[in-house]
A.B. asks: 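Quick one: structure below, then a few questions.
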Amino acid sequence: MKKIFAAGLIALGFTVSVFASDPILYGENIFELSSPEALTNVPSVAGGGIYTVGSTSLVVNPALAAKEQRVELNFGSTELFKTGSNKAFGMAFQGGILIPFKWAVFSGYTNGLFAEDVLSTGNSFNIKASLSKEVTDQLAFGAGINGGYSWSKGGDWSLSANLGFIYNWGRLAFMDDFRIGASILNIGKNYQTSTDGNFFDSYPSFSTVRAGASAVFVQTEDIKLGGSFDITTPCFQNALFDAGINFGIKDMVYINVGEKMDLKEIIAGRPSLIPTIGISVKFNFNVSNNSYLEKNDWSESEMRVGAAYKNLYGNIHAISEGVDLYLGMKDSTPPVIELWMGEEDD
């Protein structure tokens with residue numbers, strides 16, 4: 001009975017906090033607007049149904065890039081439209097870089113949002129950086145920092161930290177590559193929605209906890225189907241639910257469908273339940289007669305280009321496009337260890 005009573009108090013407190021909070025439109029997701037992968041929940045906090053990571057993965061979990069072995073460059077942009085009688089236009093852009101070192105993997109990310117006429121988030125420029133480290137073959141941790149400046153509504157600044165982990169369970173029941181992940185984001189000062197300086201009146205919300213799982217459901221020589229599900233609690237004042245389905249064909253064409261539900265919006269009776277749809281294509285390319293690329297084993301590299309559409313809210317729409325460049329190819333050949341008996345031949 002004591003456990004039931006305690007659980008009831010926690011649930012009641014969470015419900016009260018949900019009704020008490022008043023988040024601004026899409027304020028929790030300002031870092032996910034400029035990427036087609038983020039719009040369709042491809043990374044997720046556990047790496048997505050078909051494990052996909054890059055420099056922008058630190059937006060949801062700074063630990064995701066720990067296993068990456070190649071330098072990666074990312075560029076993306078999103079056009080924001082408000083239709084109807086009060087038409088308006090905005091945009092967002094991003095750029096990122098991932099560099100693996102022997103001791104850790106570094107990720108850097110920049111994001112610009114120019115949406116003052118479309119969203120209440122206004123205009124801002126943000127920078128993120130993180131380090132991730134593989135502790136074992138199954139477990140990885142990461143930590144990062146955020147900084148930014150908004151020149152809307154008199155100007156404001158943000159400075160905060162992120163922590164995260166990911167654990168690869170392996171096979172679980174009918175699922176392959178089952179992974180769980182969690183992160184605590186925005187630990188510090190974020191953009192204020194009021195002038196009283198309260199950390200809890202901010203966007204993105206102070207101390208946002210995100211947790212979820214990803215797995216591959218079907219895998220053959222030609223196709224791969226995976227999915228992910230995340231729960232996000234912004235300062236325990238709201239609940240966001242993210243689900244993603246990733247379908248790969250010949251390890252070349254990927255179709256991604258994402259759904260995001262906001263408990264606060266559902267309670268208010270105006271949720272946007274239209275799923276986000278995205279597509280990306282991966283291909284290899286060669287660059288010859290370049291000594292610098294040859295020296296770094298980058299003559300043959302990999303590129304992924306993608307696009308996505310999302311209905312943010314009612315008459316507000318987003319069209320996003322992006323490209324990821326992975327320098328070099330994955331090393332899929334394990335090292336060969338030879339043992340011999342007796343003396344080595346001269």
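Numbers here are sequence positions counted from 1. Values below: every heavy atom of this structure, side chains too, minus hydrogens, waters and symmetry copies.
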A.B. asks: Start with the C-alpha distance between Lys310 and Leu312, add both sets of side-chain angles, then the distance that settles side chain to side chain contact (heavy atoms under 4.5 Å, CB included), and finish with yes or no.
C.D. replies: CA-CA 6 Å; Lys310 182 178 182 64; Leu312 298 183; 3.7 Å; yes
A.B. asks: Looking at Asn162 and Ala143, would you say the former's side chain and the latter's main chain have a donor-acceptor pair under 3.5 Å?
C.D. replies: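 No, the answer is negative, given that no donor and acceptor are paired below the 3.5 Å cut-off.
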A.B. asks: Under 4.5 Å between side-chain heavy atoms, counting indirect links through other Ile/Leu/Val/Met/Phe/Trp/Tyr residues: same cluster for Leu113 and Ile127 or not?
C.D. replies: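 The answer is no; the residues belong to distinct hydrophobic clusters.
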A.B. asks: Output the rest of the hydrophobic cluster of Leu240: all Ile, Leu, Val, Met, Phe, Trp and Tyr residues reachable through side-chain heavy-atom contacts under 4.5 Å, sorted by chain and number.
C.D. replies: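 None; Leu240 is a cluster of one.
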A.B. asks: Do any N or O atoms from the side chain of Thr52 and from the backbone of Gly48 form a donor-acceptor pair under 3.5 angstrom?
C.D. replies: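 Side chain of Thr52 to backbone of Gly48, a donor-acceptor pair under 3.5 Å: no, none is there.
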A.B. asks: Does the Asn311 side chain pair with the main chain of Ile274, one donor and one acceptor, at a distance under 3.5 Å?
C.D. replies: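 Looks like no, no N/O pair under 3.5 Å.
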A.B. asks: With Glu68, which residues qualify under salt bridge (charged side-chain N to carboxylate O under 4.0 Å, His left out), at least two apart?
C.D. replies: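 Only Arg70 meet the salt bridge (charged side-chain N to carboxylate O under 4.0 Å, His left out) criterion with Glu68.
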A.B. asks: Who clusters with Tyr254? Use side-chain heavy atoms, under 4.5 angstrom, across I, L, V, M, F, W and Y, and order the result by chain and number.
C.D. replies: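 Besides Tyr254, the cluster holds Ile50.
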A.B. asks: Can you list the residues that meet the side-chain contact (heavy atoms from CB on, under 4.5 Å) rule with Ser130, with sequence neighbours excluded?
C.D. replies: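 Ser130 satisfies side-chain contact (heavy atoms from CB on, under 4.5 Å) with Leu58, Pro62, Ser107 only.
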A.B. asks: Hey, does the side chain of Thr40 reach the backbone of Ile277 with a donor-acceptor pair shorter than 3.5 angstrom?
C.D. replies: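 Side chain of Thr40 to backbone of Ile277, a donor-acceptor pair under 3.5 Å: no, none is there.
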A.B. asks: Quick one: side-chain contact (heavy atoms from CB on, under 4.5 Å) partners of Ala243, sequence neighbours excluded?
C.D. replies: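 Per chain and number, Ala243 pairs via side-chain contact (heavy atoms from CB on, under 4.5 Å) with Phe229.
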A.B. asks: Is the centre of the Phe125 ring less than 6.0 Å from the centre of the Tyr149 ring?
C.D. replies: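 So the answer is no for these two rings.
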A.B. asks: When you measure from the side chain of Asp324 to the backbone of Gly54, do you find a donor-acceptor pair of N or O atoms at a distance under 3.5 Å?
C.D. replies: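 No, the answer is negative, given that no donor and acceptor are paired below the 3.5 Å cut-off.
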A.B. asks: For Arg210, what residues pass the salt bridge (charged side-chain N to carboxylate O under 4.0 Å, His left out) criterion, not counting sequence neighbours?
C.D. replies: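 Salt bridge (charged side-chain N to carboxylate O under 4.0 Å, His left out) check on Arg210 returns Glu32, Asp230, Asp242.
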A.B. asks: Among the clusters formed by ILVMFWY side chains lying less than 4.5 Å apart, do Val305 and Tyr309 turn up in the same one?
C.D. replies: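 Result: no, two separate clusters.
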A.B. asks: Treating Ser158 as the side-chain partner and Gly148 as the backbone partner, does any N or O pair qualify as donor plus acceptor under 3.5 Å?
C.D. replies: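 Yes.
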A.B. asks: Side chains of Ser124 and Ser150 only: does a donor on one sit below 3.5 Å from an acceptor on the other?
C.D. replies: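 Distance-only check fails for Ser124 and Ser150.
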A.B. asks: If you take all heavy atoms of Gly142 and Ala63, which pair is closest and at what distance?
C.D. replies: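 Closest heavy-atom pair between Gly142 and Ala63: N-CB, 3.5 Å.
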A.B. asks: Honestly, is Lys128 close enough over Phe31, meaning NZ or CZ under 6.0 Å from the six-membered ring centre and within 45° of the axis?
C.D. replies: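 Flagged: Lys128 positioned over aromatic ring of Phe31.
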A.B. asks: Check whether Ser301 reaches the backbone of Gly328 with its side chain - one donor and one acceptor, N or O, closer than 3.5 Å.
C.D. replies: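 Present.
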A.B. asks: Begin with the C-alpha distance, continue with both residues' side-chain angles, and end with the deciding distance and a verdict on side chain to side chain contact (heavy atoms under 4.5 Å, CB included) for Phe217 and Met175.
C.D. replies: CA-CA 5 Å; Phe217 305 139; Met175 297 176 290; 3.8 Å; yes
A.B. asks: Which salt bridge (charged side-chain N to carboxylate O under 4.0 Å, His left out) pairs, counting each pair once, include a residue from residues 106-120, with sequence neighbours left out?
C.D. replies: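 Not a single pair qualifies under salt bridge (charged side-chain N to carboxylate O under 4.0 Å, His left out).
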A.B. asks: Can you list, pair by pair, the side-chain donor-acceptor contacts under 3.5 Å of residues 79-106, counting residues two or more places apart and other chains?
C.D. replies:
{"residue": "Thr83", "atom": "OG1", "partner": "Asn315", "partner atom": "O", "Å": "3.3"}
{"residue": "Gln94", "atom": "OE1", "partner": "Ser34", "partner atom": "OG", "Å": "2.9"}
{"residue": "Gln94", "atom": "NE2", "partner": "Asn74", "partner atom": "OD1", "Å": "2.7"}

A.B. asks: Backbone N or O of Asp177 within a donor-acceptor pair of the Arg179 side chain at under 3.5 Å?
C.D. replies: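 Yes, because the side chain of Arg179 sits within donor-acceptor range (under 3.5 Å) of the backbone of Asp177.
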A.B. asks: Verify, without hydrogens or angle tests, whether Ser44 (side chain) and Ala46 (backbone) share a donor-acceptor contact under 3.5 angstrom.
C.D. replies: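 Here the side-chain-to-backbone pair exists.
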A.B. asks: Would you compute the distance between atom CG of Asn168 and atom CG of Asp137 and round it to the nearest 0.5 angstrom?
C.D. replies: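 Output value for this atom pair is 9.5 Å.
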A.B. asks: Is the closest basic N to carboxylate O distance between Asp262 and Lys260 below 4.0 Å?
C.D. replies: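 Looking at Lys260 together with Asp262, the answer is no, because their closest N to O distance does not fall below 4.0 Å.
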A.B. asks: How long is the straight-line distance from OG of Ser57 back to CD of Glu37, given to the nearest 0.5 Å?
C.D. replies: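 Glu37 CD to Ser57 OG: 9.0 Å, rounded to 0.5 Å.
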A.B. asks: What residues, two or more places apart in sequence or in another chain, satisfy ring pair (Phe, Tyr, Trp, His ring centres under 6.0 Å) together with Trp157?
C.D. replies: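 If we apply the ring pair (Phe, Tyr, Trp, His ring centres under 6.0 Å) test to Trp157, skipping adjacent residues, there are no hits.
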A.B. asks: Hey, is CH2 on Trp151 packed in by over 12 heavy atoms from elsewhere, all under 6.0 Å?
C.D. replies: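 Enclosed.
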A.B. asks: With sequence neighbours left out, what residues match Asp156 under salt bridge (charged side-chain N to carboxylate O under 4.0 Å, His left out)?
C.D. replies: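 So Asp156 forms a salt bridge (charged side-chain N to carboxylate O under 4.0 Å, His left out) with Lys189.
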A.B. asks: Evaluate the side chain to side chain contact (heavy atoms under 4.5 Å, CB included) criterion for residues Gln138 and Trp169: first the C-alpha distance (whole Å), next the side-chain angles of each, then the deciding distance (0.1 Å), finally the verdict.
C.D. replies: CA-CA 7 Å; Gln138 295 176 294; Trp169 189 289; 5.9 Å; no
A.B. asks: When you compare the side chains of Asn146 and Asn126, does any donor N or O come within less than 3.5 Å of an acceptor on the partner?
C.D. replies: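 No.
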A.B. asks: Restricting to salt bridge (charged side-chain N to carboxylate O under 4.0 Å, His left out), what partner residues turn up for Asp251, sequence neighbours left out?
C.D. replies: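 Asp251 satisfies salt bridge (charged side-chain N to carboxylate O under 4.0 Å, His left out) with Lys282 once adjacent residues are dropped.
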A.B. asks: Mark yes or no for whether Ser205, through its side chain, and Thr208, through its backbone, hold a donor-acceptor pair below 3.5 Å.
C.D. replies: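 No, because the side chain of Ser205 does not come within donor-acceptor range (under 3.5 Å) of the backbone of Thr208.
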A.B. asks: Not counting sequence neighbours, which residues clear side-chain contact (heavy atoms from CB on, under 4.5 Å) with Ala213? List them please.
C.D. replies: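 Testing Ala213 for side-chain contact (heavy atoms from CB on, under 4.5 Å), a comparison that skips the adjacent residues, returns Phe178, Ile180.
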A.B. asks: Does Asp222 have more than 12 heavy atoms from other residues, nucleotides or ligands lying within 6.0 Å of its CG?
C.D. replies: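 Yes - once you tally the heavy atoms of other residues, nucleotides and ligands closer than 6.0 Å, there are more than 12.
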A.B. asks: Rounded to the nearest 0.5 Å, how far does OH of Tyr203 lie from OG1 of Thr121?
C.D. replies: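 If I round to the nearest 0.5 Å, the distance is 6.0 Å.
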A.B. asks: Taking it one step at a time, do Thr78 and Ile319 satisfy side chain to side chain contact (heavy atoms under 4.5 Å, CB included)?
C.D. replies: CA-CA 6 Å; Thr78 298; Ile319 298 176; 5.9 Å; no
